[in-house]
Novice: 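Just passing along the structure, written as structure tokens.
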Amino acid sequence: MLAAQPACARAVEAAGGGGTGHLREVLIEDSLGICAELEAQMDRHVAAYRDEWRAVLDDPAALARFEPHVAGVEFLEPGRGRAAVLADGTEAALFRDGDGEVYAVGDRDPFSGADVIANGIMGSRDGVPVVASPLHKQEFDLRTGVRLDDPAVSLPVLPVPGPSLPARP
């Protein structure tokens with residue numbers, strides 16, 4: 001490192017630092033105890049951390065001050081998927097076709113275990129609305145969740161959410 005920067009090496013030597021050997025002692029071996037002090041400071045910081053959002057979620061009065069907004073299916077763009085969390089906590093992949101039909105299936109790819117189905121490519125195969133997994137391109141029937149090339153594998157079909165909920169008065 002210092003060989004490429006002769007001016008830096010000369011500056012370290014001039015400061016009485018003992019060259020690269022001294023740097024090794026300070027940086028690698030922590031001869032000045034700097035790393036230990038930084039580690040102790042980080043431990044104190046982590047111990048003092050307070051998650052403000054957790055505090056709100058745990059306090060019903062604080063939580064009541066927030067306006068919930070639940071976006072509905074009218075925000076879906078035809079031909080594009082969107083990930084959503086349903087009211088019961090289920091992760092869903094929502095799709096709207098060109099005719100306005102909305103489909104909801106599980107977002108978890110059964111082959112990779114990743115929540116990516118909402119990022120899949122929507123289309124049709126022999127008149128069947130499908131989504132192709134973005135990872136391995138397996139196609140699933142959006143009406144039944146069944147994989148077209150292997151009916152033993154499927155995505156869960158979920159209830160289609162309704163329109164947006166209005167904000168509280």
Side-chain angles (χ1 to χ4, degrees), residues 1 4-5 27-28 30 35-36 38-169:
M1 171 181 97
Q5 303 287 335
L27 298 175
I28 306 298
D30 193 24
C35 294
L38 290 174
E39 192 69 31
Q41 287 177 10
M42 182 58 76
D43 288 343
R44 287 191 298 274
H45 177 73
V46 169
Y49 175 76
R50 181 177 165 267
D51 184 345
E52 296 147 1
W53 287 110
R54 173 53 45 203
V56 169
L57 293 173
D58 291 341
D59 179 359
L63 188 58
R65 294 192 311 249
F66 287 87
E67 289 288 326
H69 176 75
V70 179
V73 295
E74 69 270 18
F75 291 101
L76 294 173
E77 297 175 51
R80 295 196 52 167
R82 290 284 180 236
V85 177
L86 302 181
D88 67 357
T90 303
E91 292 187 30
L94 305 177
F95 297 90
R96 178 195 297 272
D97 67 17
D99 295 329
E101 188 72 28
V102 177
Y103 305 94
V105 294
D107 195 32
R108 180 148 304 166
D109 181 305
F111 294 95
S112 68
D115 293 322
V116 296
I117 296 298
N119 298 322
I121 301 166
M122 185 182 181
S124 65
R125 187 163 138 189
D126 298 326
V128 174
V130 298
V131 60
S133 168
L135 296 178
H136 302 292
K137 308 303 183 249
Q138 296 95 348
E139 294 178 311
F140 297 90
D141 183 331
L142 285 168
R143 301 167 306 172
T144 65
V146 173
R147 182 176 174 211
L148 297 185
D149 296 328
D150 181 2
V153 180
S154 64
L155 301 172
V157 175
L158 304 170
V160 173
S164 294
L165 298 177
R168 285 186 261 165

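Both backbone and side-chain heavy atoms feed into the values below; hydrogens, waters and symmetry mates do not.
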Novice: Would you indicate whether Arg125, at its atom CZ, is surrounded by more than 12 heavy atoms from other residues, nucleotides or ligands within a distance under 6.0 Å?
Specialist: yes
Novice: Within the distance-only criterion (no hydrogens, no angle test), does the side chain of Arg96 pair as donor or acceptor with the backbone N or O of Glu77 below 3.5 angstrom?
Specialist: no
Novice: Search all heavy atoms of Arg50 against all heavy atoms of Ala55 and return the closest pair with its distance.
Specialist: NH2-CB, 3.5 Å
Novice: Just by modelled atom types, is the Ala118 backbone N or O under 3.5 Å from a matching donor or acceptor in the Asp107 side chain?
Specialist: yes
Novice: State plainly whether the residues Arg65 and Asp59 are in salt-bridge range, i.e. N to O under 4.0 Å.
Specialist: no
Novice: Could you give me the CA-CA distance, side-chain angles and deciding distance for Tyr103 and Met122, then say whether side-chain contact (heavy atoms from CB on, under 4.5 Å) is met?
Specialist: CA-CA 11 Å; Tyr103 305 94; Met122 185 182 181; 4.3 Å; yes
Novice: Where do Leu94 and Ala104 come nearest, in terms of heavy atoms and distance?
Specialist: CD2-CB, 3.4 Å
Novice: Near His136 NE2, under 6.0 Å, is it more than 12 heavy atoms from other residues, nucleotides or ligands?
Specialist: yes
Novice: Do Phe111 and Leu135 touch side chain to side chain, with heavy atoms closer than 4.5 Å?
Specialist: no
Novice: Could you walk me through whether Val128 and Glu139 pass the side-chain contact (heavy atoms from CB on, under 4.5 Å) test, one step at a time?
Specialist: CA-CA 10 Å; Val128 174; Glu139 294 178 311; over 6 Å; no
Novice: Give, for atom OG of Ser112 and atom CD1 of Ile117, the distance between the pair rounded to the nearest 0.5 Å.
Specialist: 7.5 Å
Novice: Just wondering, are more than 12 heavy atoms of other shown residues or ligands nearer than 6.0 Å to CD in Glu52?
Specialist: no
Novice: At what distance, to the nearest 0.5 angstrom, does CG of Leu76 lie from CG of Asp97?
Specialist: 11.0 Å
Novice: Specify the closest pair of heavy atoms between Asp109 and Gln138, including all atoms of both residues, with the distance to one decimal.
Specialist: OD2-OE1, 4.3 Å
Novice: Main chain of Glu101, side chain of Asp99: is a donor-acceptor contact present, judged purely on distance under 3.5 Å?
Specialist: no
Novice: For the backbone of Pro134 and the side chain of Asn119, can you confirm whether one donor and one acceptor N or O come within less than 3.5 Å of each other?
Specialist: no
Novice: Is there a side-chain contact between Val153 and Phe140 (heavy atoms, below 4.5 Å)?
Specialist: yes
Novice: Taking side-chain contact (heavy atoms from CB on, under 4.5 Å) as the criterion, tell me which of Val131, Val157, Leu148 meets it with Asp141.
Specialist: Leu148
Novice: Locate the shortest heavy-atom distance separating Ser154 from Val146; write the atom from each residue and the value.
Specialist: CB-CA, 3.8 Å
